[in-house]
Amino acid sequence: HTLELQNGITQQVIFEDLNITHSSGSARTIFVSSVDASGSVKFINCNISHTSGTISAYVLNQVNCHAGYWTAERCIFDGNNTADAVVFTNHTTAGSIRFDNCMFKNHTTGGHGLELTSATANEVIELNYCNFHNNDQGLDIDCAAIVRNCIFTNNVDDLDDTGVNFDESD
């Protein structure tokens, strides 16, 4: 992994004005395995790209994290023809993930701009003013979500909300 945050982050970690390009091998660009109840991770004005391999580029695996633990503002997640952009697994806490003014693009080898596997009725994720461009699938979720003023362009499939009570009118 180019950037890995492991086990028990207890403070707020902020990455601002950062360019990360993972261009070798099949490891992930960013991997976060655990955030403590008092910790959080925030990316602001970051360009994050993954240019090799077919593994999901950015993965956050967290069970029962707290509200506000992951935030991205004005970030670009560029897949450059690799698999999924951002994958969140096992999240159940309402309000734990938020993206504002972010772009998810070029995840075209069976890739999703953003994938959230959680199987909960809680509104785990909030997306505001985000763009999903040139992905095999723009947004793939299996939990409740708040999606406001997002734009989906040139994706093979914009949204997969199979089996989810999802109100696309919001």
Side-chain angles (χ1 to χ4, degrees), residues 5 9 12-16 18 28-48 50 56-79 83-107 110-170:
L5 304 174
I9 296 169
Q12 182 178 50
V13 178
I14 300 173
F15 298 95
E16 189 167 4
L18 184 66
R28 293 170 171 87
T29 305
I30 297 173
F31 183 78
V32 178
S33 59
S34 178
V35 176
D36 191 71
S38 60
S40 63
V41 179
K42 183 181 245 185
F43 288 85
I44 303 169
N45 294 326
C46 293
N47 292 313
I48 302 166
H50 189 85
S56 300
Y58 328 103
V59 173
L60 297 104
N61 184 13
Q62 180 74 31
V63 178
N64 296 324
C65 60
H66 63 283
Y69 108 97
W70 169 269
T71 306
E73 300 172 3
R74 300 176 306 277
C75 293
I76 297 171
F77 298 91
D78 188 351
D84 301 335
V86 182
V87 177
F88 291 93
T89 59
N90 303 317
H91 296 79
T92 57
T93 305
S96 58
I97 303 163
R98 181 179 175 130
F99 289 90
D100 293 321
N101 297 303
C102 292
M103 176 173 271
F104 304 87
K105 64 179 186 171
N106 299 326
H107 300 90
H112 306 88
L114 177 61
E115 180 179 8
L116 176 61
T117 57
S118 191
T120 179
N122 292 331
E123 292 174 336
V124 172
I125 189 166
E126 183 173 342
L127 300 165
N128 298 296
Y129 300 96
C130 292
N131 290 300
F132 295 84
H133 178 72
N134 197 38
N135 302 292
D136 269 3
Q137 193 164 68
L139 178 60
D140 182 9
I141 57 172
D142 70 354
C143 69
I146 298 171
V147 180
R148 294 187 185 106
N149 300 306
C150 292
I151 298 171
F152 295 83
T153 56
N154 202 40
N155 300 296
V156 173
D157 187 13
D158 290 336
L159 177 66
D160 179 5
D161 59 348
T162 305
V164 178
N165 183 9
F166 185 75
D167 183 358
E168 295 178 43
S169 65
D170 286 347

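Start at 1 with the first residue, then count along the sequence. What's counted below: heavy atoms across the whole structure, side chains too, no hydrogens, waters or symmetry copies. All figures in this text were calculated on a predicted structure; none of them were measured in a lab.
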Asks: For A72 and C102, work out which heavy atoms get closest and say how close.
Replies: O-SG, 3.5 Å
Asks: Going through the checks in order, is the side-chain hydrogen bond (donor to acceptor under 3.5 Å, both in side chains) test met by N101 and Y129?
Replies: CA-CA 5 Å; N101 297 303; Y129 300 96; over 6 Å; no
Asks: Quick one: list whatever passes side-chain hydrogen bond (donor to acceptor under 3.5 Å, both in side chains) with N47, sequence neighbours left out.
Replies: N19
Asks: The criterion is side-chain hydrogen bond (donor to acceptor under 3.5 Å, both in side chains); which residues satisfy it with N131, sequence neighbours excluded?
Replies: none
Asks: Any side-chain heavy-atom pair from I146 and L127 closer than 4.5 angstrom?
Replies: no
Asks: Closest approach of V156 and D136, non-hydrogen atoms and distance?
Replies: CB-O, 3.1 Å
Asks: Enter the distance from N155:CG to K105:NZ here, rounded to the nearest 0.5 Å.
Replies: 13.0 Å
Asks: CG of N45 to CZ of F15: how many Å apart, nearest 0.5 Å?
Replies: 14.5 Å
Asks: So, taking the atom named CG in D157 and the one named CG in L139, what distance separates them when rounded to the nearest 0.5 Å?
Replies: 10.0 Å
Asks: With side chains defined as the heavy atoms from C-beta onward, is the minimum distance between T71 and I97 less than 4.5 Å?
Replies: no
Asks: Can you tell me how far SG of C75 sits from CZ of F43, rounded to the nearest 0.5 angstrom?
Replies: 7.5 Å
Asks: Using 0.5 Å steps for rounding, measure from the CG atom of D78 to the NE2 atom of H133.
Replies: 10.0 Å
Asks: Output all residues satisfying salt bridge (charged side-chain N to carboxylate O under 4.0 Å, His left out) with E73, sequence neighbours left out; order by chain, then residue number.
Replies: K42
Asks: Given F132, which of F77, F104, F99 fulfils the ring pair (Phe, Tyr, Trp, His ring centres under 6.0 Å) condition?
Replies: F104
Asks: Ignoring hydrogens, what is the shortest heavy-atom contact between Q12 and S40? Give both atom names and the distance.
Replies: CG-OG, 3.2 Å
Asks: Which value, rounded to the nearest 0.5 Å, describes the distance between D100 atom CG and N149 atom CG?
Replies: 11.0 Å
